[in-house]
Every structure is written in structure tokens, then in C-alpha cells.
Q: 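I have a structure I would like to understand better, so I am pasting it below and will then ask my questions one at a time.
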Amino acid sequence: SQPCAYESHMMEPSSPASSSAPVSTPTTAVYTIGRDVNGESGRGTDADANTDTSEASALHSDPRCVNSLPAAQIASVGAGLYHCFAVTATGELYSWGANSGGQLGTGASNSGGAARSTARGAASRRTSSSAPTLVSGLQTPQPEPVALATGGRNHSLALTSTHRLYCWGRPTHGQLGLASRAASGAVAGGGRSARGVYDVLDPRLLRALEHDGVAAVAAGEGFSLALTPAGTVHAWGRHASGRLGLPGWLSSSVDAPLPLPARAFGGRPVRTIAAGWRHALAVTASGALYSWGAGGHGQLGVGGTADLPAPTAVESLTKEVVLHVAAGGAHSLAATREGLVYAWGERSSGQLGLPATAAAACCTRPEGVAALLDGPPITQLACGAAHSAFLGSDGRLFTAGDDSYGQLGHAPPSDDDDGADPAAWGRKPVALPAGARVRQVACGAYHTVLLVEAPEEPGAIRSVPLTPRVD
């Protein structure tokens with residue numbers, strides 16, 4: 001299996017509007033960088049996304065605008081292992097990319113009615129899509145306004161503005177949380193996967209969390225996390241390596257959300273969560289960082305490489321107030337209230353943004369990313385399989401790590417280029433059109449999704465290519 005990583009996804013309260021002079025609403029657009037084997041770029045060709053799997057066709061180091069999205073304001077973006085999401089300001093969800101487990105959520109709409117349960121019908125609706133498609137199952141019988149969406153390898157989660165959570169895709173390990181893998185397949189009418197499990201091809205409400213509500217979600221390899229407004233973490237799905245944070249659970253999987261006890265986090269409510277490939281992070285309301293799950297590359301930040309089945313405090317950062325976290329294939333990131341960025345875990349591809357001269361293949365405790373000290377405060381973090389993205393408060397985006405598919409958005413290096421020096425990439429943000437800034441960033445395994453805004457006429461930004469800065 002290839003590693004995957006996802007950042008934390010949380011609903012944020014809207015800022016009150018100013019009573020002073022009116023401010024024009026920035027135009028927004030979605031750009032993608034990197035691997036395009038499954039249509040991750042969203043370029044919208046008529047042919048199947050995966051008909052050409054050559055390295056040349058799959059690599060896009062120049063960020064490309066997803067022009068086939070509707071001409072509406074985009075409010076948020078998200079990513080799964082090989083698929084992408086965009087949410088409009090009115091709460092409509094669009095998806096594109098890989099669909100091997102029905103993770104695009106377009107099964108019912110593609111068949112023009114109720115999803116069929118035959119394997120042939122299901123297979124035809126699980127074809128990758130290079131064109132963003134409306135997830136119409138969230139529009140009927142009445143619209144459910146989506147706030148954000150994210151995904152794992154072949155399952156997806158969508159959080160609505162009313163704090164309701166929808167799940168779909170492959171339930172092999174119970175990662176949809178629908179209580180019964182057999183029942184979920186029967187309800188969805190999906191066809192069997194290669195493992196004999198029924199895929200859920202369109203969104204299903206996770207009723208187990210309907211009463212408490214959901215404020216944030218995260219997805220990893222075969223497991224899911226949800227955070228309630230009260231600060232309780234729920235986990236479900238695959239339990240291997242302790243990724244659910246339930247040390248007393250003996251089964252290999254959990255097919256319904258289970259709450260992690262408050263005592264696991266020092267009795268404090270949790271404010272932020274993140275899921276990597278096989279590990280997870282959580283930040284309490286006081287800014288304390290906890291980690292659990294797979295630790296083979298030091299990604300838990302506790303000084304060793306053992307797996308941890310229960311949330312464990314990251315002692316190196318106990319004097320810091322952590323605000324933002326992200327978890328990758330086997331690495332982790334954190335940003336503090338003081339504006340410092342820390343990284344730890346697997347470092348072989350430069351994904352930590354640390355000097356390449358260090359002999360160790362991994363960092364088992366958080367280390368400061370000095371390359372970002374002179375830049376703006378980092379307000380968002382995102383991780384891919386082996387690359388990282390750091391978004392500054394001024395809208396500038398910095399990327400580091402594996403660039404085998406151009407997912408960093410960097411220009412090809414010249415003979416005298418200092419791009420291998422982390423201090424150099426820290427001074428070279430991905431360039432944007434004049435006046436534009438990145439509002440949000442999400443990472444899939446080998447691709448990066450940007451939500452870009454600019455104070456221009458509607459549609460203007462959609463035709464301007466992004467070119468990485470080289471000076």
C-alpha cells in the first residue's frame with residue numbers, strides 16, 4: 001500500500017461583517033498540482049481519466065485551474081488519497097479523481113436514479129472521473145449544505161453546515177461507521193468490491209453522531225475520526241497499529257463511532273484533529289498535542305518508533321500552545337501560537353523541511369522548521385504521502401518534500417539552483433497571479449489542491465496560470 005495523508009478539517013465560525021464601507025467579495029478558483037493518473041487535476045477531458053497512465057501525462061508541476069467547476073464561489077476544498085473535492089458557497093459538493101470504491105459519491109446520479117446492485121452496474125459507476133461532478137445525493141430529497149469534505153484511500157466524509165456527517169465509499173474495515181458493513185451495502189445498493197464488500201456509492205447520513213453533532217472530521221487509511229462541538233473525539237474503522245486510539249479494543253476494526261475518553265487527553269476537550277496514513281493527532285483546548293497509532297518512522301513525536309494504541313502527550317511541545325496540525329504518510333506537522341512550525345517523522349524526501357545533511361532517516365521528536373522563521377505566521381498545514389504544504393497568513397504557500405509528480409509546484413531546478421536547501425524553499429512561495437492569495441490548501445497522496453482568491457472581475461482568475469517563482 002502507498003501511504004496517504006490528510007490535514008485536519010474543522011468548521012470555523014464566520015466573522016461578523018463590518019459596518020463600514022462595503023468590501024467586494026474576492027473571486028475564487030480551484031487549482032491543482034501534481035499526479036493526474038486518476039484525473040486528480042480535474043481537467044475534465046472527455047476520455048476516462050486513467051486511459052493514459054504514462055509518467056509524462058501524470059505529472060503536472062504547473063498549477064492548473066479547474067475550469068470545469070461551476071462559475072460559483074468556492075468555499076472550501078478537500079482531498080483523499082487520489083480524489084478531490086470542492087464545495088461551493090451555497091453548499092454544493094463536487095468531486096473528481098479516483099473512484100475505485102465509490103468514493104466520489106456519484107453512484108446514484110450517474111445511473112439516473114436508484115443505484116443498481118449488480119457488480120456490472122457498480123463497476124461502471126466506479127470509473128475515475130477527470131471532470132468535477134455534483135454529488136447529487138446530498139441534494140435530494142432536500143438539499144444538505146456541505147461545509148467541507150475529505151477522504152481516505154477509497155472512502156469519503158462530508159460535514160454539513162448543520163453539523164451532520166455523511167459517509168460513502170468502501171466500508172471494508174468499517175470506516176463508514178454505518179454500524180453494519182452488510183447493512184450499509186444493502187442500503188446503498190452498491191456492487192461488491194474485489195474483497196466481497198458492498199461499496200456505498202452515494203452519501204449516507206451517519207446517524208450515530210446526529211445527536212451530538214460534528215465539528216471536525218479526518219480520514220486515514222481505512223479509518224475515520226470525528227470531533228463533536230463539545231470536544232469529544234470519536235473513532236471508527238481499521239484498528240491496526242492502534243490508529244483508533246482505543247487500547248482496550250481487541251477486534252481488528254470498529255464499524256460504528258466510539259468515543260475516546262476525556263481522560264485520554266488529560267480531561268480537556270479536544271479542539272483539532274488530524275489523521276495520517278496510520279496515525280492520528282489531536283490538540284486540546286489548552287494547546288496540548290497528543291498522538292497515537294503507527295510510529296515506525298517517529299511520526300508520533302514521542303522519542304521512539306513504537307506504535308501507541310492510546311493518545312499520548314507529545315512531551316517536547318508541552319511548553320508550546322499548538323494551534324494547527326497535519327499528519328502525513330509517516331510524518332507530522334504542528335504550528336504554535338508563537339508562530340513556530342515543528343516537523344517530525346519520516347524525512348527521506350525532505351518532507352519535514354529540515355536540512356538534508358542530517359544522517360537520521362527520521363525524526364522521532366519535533367524539530368523546528370527554521371526555513372519558515374522569517375516568513376509570515378503559518379495558519380494552515382497539509383501533508384501528502386511524502387510532501388508538505390505550509391500556508392502563511394498573507395496567502396503565500398510554501399511546499400517541501402517529494403516532487404516526483406510536480407506536487408510541490410516548483411519550477412524545474414537549474415544547474416545552480418539552491419532548491420535542495422530548505423532555507424531556500426522557505427523564501428520561495430508558489431507564485432500566484434497578481435493580487436491573488438491562497439485561502440486553503442489540501443494534499444492527497446501525490447497531488448495538491450489550492451483554493452485561490454483574488455480581488456478581480458469574476459472569472460478573471462480562472463484563466464491565469466500559476467507559475468512557481470524562481471527569483
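All of these numbers come straight from a predicted model, not from anything done at the bench.
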Q: For Ala147, does its backbone N or O pair with a side-chain atom of Ser76 as donor and acceptor, under 3.5 Å?
A: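 Judged by distance alone, yes, a pair lies under 3.5 Å.
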Q: Do the side chain of Gln175 and the main chain of Arg170 share a donor and acceptor less than 3.5 angstrom apart?
A: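 Confirmed, Gln175 side chain pairs with Arg170 backbone.
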Q: Mind checking whether Leu289 and Val325 have side chains closer than 4.5 Å, heavy atoms only?
A: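 They are in contact (side-chain heavy atoms under 4.5 Å apart), so the answer is yes.
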Q: Please examine the side chains of Tyr446 and Asp402, heavy atoms only from C-beta on, and report whether any two atoms are closer than 4.5 Å.
A: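 Touching, per the 4.5 Å side-chain cut-off.
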Q: Could you tell me if Tyr342 and Glu367 have a donor-acceptor pair between their side chains, going purely by distance under 3.5 Å?
A: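 No, no side-chain donor-acceptor pair sits under 3.5 Å.
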Q: Measure from the side-chain N and O atoms of Gln380 to the backbone N and O of Arg439, and report whether any donor-acceptor pair falls under 3.5 Å.
A: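 Side chain of Gln380 to backbone of Arg439: a pair is present.
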Q: Quick one: list whatever passes ring-ring contact (aromatic ring centres under 6.0 Å, His included) with Phe85, sequence neighbours left out.
A: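 His83.
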Q: Any heavy-atom pair between the side chains of Ser349 and His387 that's under 4.5 Å?
A: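 Of all side-chain heavy-atom pairs linking Ser349 with His387, none is under 4.5 Å.
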Q: Taking the side chain from Ser388 and the backbone from Gln351, do they hold a donor-acceptor pair closer than 3.5 Å?
A: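 Flag set: sc Ser388 to bb Gln351 pair under 3.5 Å.
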Q: Give every donor-acceptor pair under 3.5 Å between a side-chain atom in residues 240-247 and any protein atom, sequence neighbours left out.
A:
from	atom 1	to	atom 2	distance (Å)
Arg243	NE	Ala240	O	2.7
Arg243	NH1	Glu221	O	2.8
Arg243	NH1	Glu221	OE1	2.7
Arg243	NH2	Ala240	O	3.3

Q: Is the backbone N or O of Leu104 less than 3.5 Å from a side-chain atom of Ser95, with the two atoms forming a donor-acceptor pair by type?
A: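 Flag set: sc Ser95 to bb Leu104 pair under 3.5 Å.
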Q: Who are the side-chain contact (heavy atoms from CB on, under 4.5 Å) partners of Pro261, not counting sequence neighbours?
A: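 Expected list: Arg263, Ala264.
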